[in-house]
Each structure stands twice: as structure tokens, then as C-alpha cells.
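Chain identifiers are assigned alphabetically (A, B, ...) following the order of the sequence lines, protein sequences preceding nucleic acid strands; residue numbering begins at 1 within each chain.
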Amino acid sequence: MGGYGLFVWLSFGGSLLALLMLSADSLLARRSLLTQVQAEVARKQRIEQGQIAQKAVQQKSAQQAKEIKVEKVNES
Amino acid sequence: MWKWLHPYAKTERAYQLCQALLPWFAYSALLSFSGGLLWGLAFAPADYQQGDSFRIIYIHVPSAILSMGAYSAMAIAAFIGLVWQVRTAFMAMMALAPIGATITFIALFTGSAWGKPMWGTWWVWDARLTSELILLFLYLGVIFLYKAFDDKRQAGKAAGVMALVGVVNLPVIHYSVQWWNTLHQGATITKFGKPSIAPEMLWPLLLSLLGLALVMGAIFLLRLQNEIIRREIHRPWVVALVNRHIGKAGGQE
């Protein structure tokens, strides 16, 4: 290329590399965001489950306390 | 008159528009950009003074023109965001910033690689090169200013103001070769009057310009979608979208 080959290929190569890096960053970010959304959904579900379980435990212990009270009244 | 535009201020509609446009931009970008570069590298005639080194023009000029184009787009998005309080506009602004910074870097880098054999130097502090370098700093400034704020509404406003203030650099870059004594040559195509370049060299240049613009457009659509997901991560429509996406991927396997 008349001795200019280095500069021409340096330019084209460097530019394509920069564009590829930009595209890769954009695509990888998309992938990681989709994972994040899934993680958020899973986390919300766990919180909901936890709240339901806690409610059930509370109801059970309230029920048990009631039964003990009734027994005591009956005994006396 | 502009009522039809209003639904696109909503992130969901904007996301869907990006989704619809993406394949068009991606395929046409691939075709035109590679076509233009191939034409310029292999089929355009060599310059009688510069020989084959002038072929750097097929990346340098499109990237330089589009570095300013992307900045204008970013500034318009900033203006819309600031004046009409549209969050999606700030998201668009931040989607454009890294793209513009990359293209400005490419313009400076290829200019440097062209300058070394032709001018005998990688760099000179003339008006055009310096103002283009300032453009790169403006892009980086917008990006990092936005990152500095935790509250993204404030971040958008601050970065938006910076983007708008930087617009003054654009006419400086463009007219630098007229207003000052510069090493960089004058305008060849971005001027009134006939282009001072041979048609066999001009057409691959214009094709490369179109191609690079479409490449930047495609990457912008992708990044805007990312920004929307990032900011709207708790919204039900985003969750539904991701579930559909997972379902499709699972079905394909």
C-alpha cells in the first residue's frame, strides 16, 4: 500500500475494535439486566412466601393460645 | 400537531418502538457500513498525492461528522428532558453518550493515524483537533456527571445542562478551519457548493457515512432499551417482558 499499510490497517482495526467493544458492552448489559429482573422477581416471591408463612405461624400460635385458655377454663 | 409523539414519552411504548426498529437498523447497518468500507478500501482509486493512506478517510470523515451529529442528538434529548420533564428523553441522552464518545475517539484515533504519515505528526494543537478533543471531554463529562448522582432525576438534569452548554463547541469545530489558521484541511463536503472531491471517492464516502450512522442508530436502540429496563426494573410490564423472553429461550432449547 505504498508503505502506508500500517497506518490504514491501524485505523480500520482500531475503529472496528472500538465499535465491537461498544456493541459487546451493550449486549452484555442486556443479558445482565435480564438476570437482574429475574433475581428481583425471585426475591419478591421469597418475601411474599415468607410473609405468608409468618402469618400462618402467627395464626397457629394464636389458635393454640385460645385452646389452652379454653382448657384452663374447663378445668376450673 | 405533535400529539402522536406523546405516547412515546412512556417507557413501555418507547421500548416497543426500539424493538420494532432494531432489526431494520441492524441489517441495513451491516450491509451499508461493510459495503462502504469495502468499496473505499478495495475499489476506490488511490489519491495521486497521498496514495493509499487517504483511504483512512472512509472511517475518519464519517466518524468525525457523526461525532457532532450524535452530540446534537444528545443535546436535543437533553432539551426535551429539561423543558418537558420527559424521563425517557434523559434515558435517550445517556444511551447516546457512550456511543458519541466512542465515535469521537475513533475520529481522533484515525485522524492521528492519518496525520503521522501525511503531516509527520500524531498530534498538533490546532483548532480543529483541539475542539474535537474537547468534544470527547464533554461526552465523558456528561457520562460521569450522570454517574455521580444517586438520584437519577437530578442526574438527568445536571447531565442535561452540561450537554446543552457543550453545544457551543459544535460550530467551533465546524468553522475552526475557516476561523483559524489550521493544519487540518478545509471543508470538502459539509459546505455550500460542489464537493471538492472526485465522485469515485465521494460515493463510497457517503455510503460509509450512512452505514456508520445506521450502526450508531442500532447500538442506540439497544442501549436505550437497556436504560429503560434499568430504570423501570420494578414495573410489571418489564417483568412480563423478561418472562416472555425466558419462555421463548426455554422453548428454543
Below 4.5 Å, heavy atoms only, C-beta onward: do A:Y4 and B:I56 meet side chain to side chain?
no
Can you tell me if A:K44 has over 12 outside heavy atoms packed within less than 6.0 Å of its NZ?
yes
Is a side-chain N or O of B:H184 found less than 3.5 angstrom from the main chain of B:R128, in a donor-acceptor match?
no
So which of B:V238, B:N226, B:T110, B:I106 has the biggest tally of heavy-atom pairs under 4.5 Å with chain A?
B:N226
Taking atom OH of B:Y27 as the centre, does the number of heavy atoms from other residues, nucleotides or ligands within less than 6.0 Å exceed 12?
no
A:V37 versus chain B, the contacting section by heavy-atom distance below 4.5 Å
both
Surrounding CG of B:D150 (heavy atoms of other residues, nucleotides or ligands, distance under 6.0 Å), is the total greater than 12?
no
Distance (rounded to the nearest 0.5 Å) between B:L212 CG and A:L19 CG
6.5 Å
For chain A, which residues from residues 116-124 of chain B lie under 4.5 Å away (heavy-atom distances)?
B:K116, B:P117, B:M118, B:W122
Using modelled atom types only, decide if a donor and an acceptor are shared between the side chain of B:Y15 and the backbone of B:K10 within a distance under 3.5 Å.
no
Is there a side-chain contact between B:E232 and B:R87 (heavy atoms, below 4.5 Å)?
yes
Sidechain-backbone polar pair: B:S67 side chain, B:A64 backbone, donor-acceptor under 3.5 Å:
yes
Atom group of B:I99 that falls short of 4.5 Å from chain A, counting heavy atoms:
both
Where on A:L6 is there a heavy atom nearer than 4.5 Å to chain B: the side chain, the backbone, both, or neither?
neither
Heavy-atom cut-off 4.5 Å, strictly under: side chain, backbone, both or neither for B:F220 against chain A?
neither
Side chain, backbone, both or neither: which part of B:Q50 has a non-hydrogen atom closer than 4.5 Å to chain A?
backbone
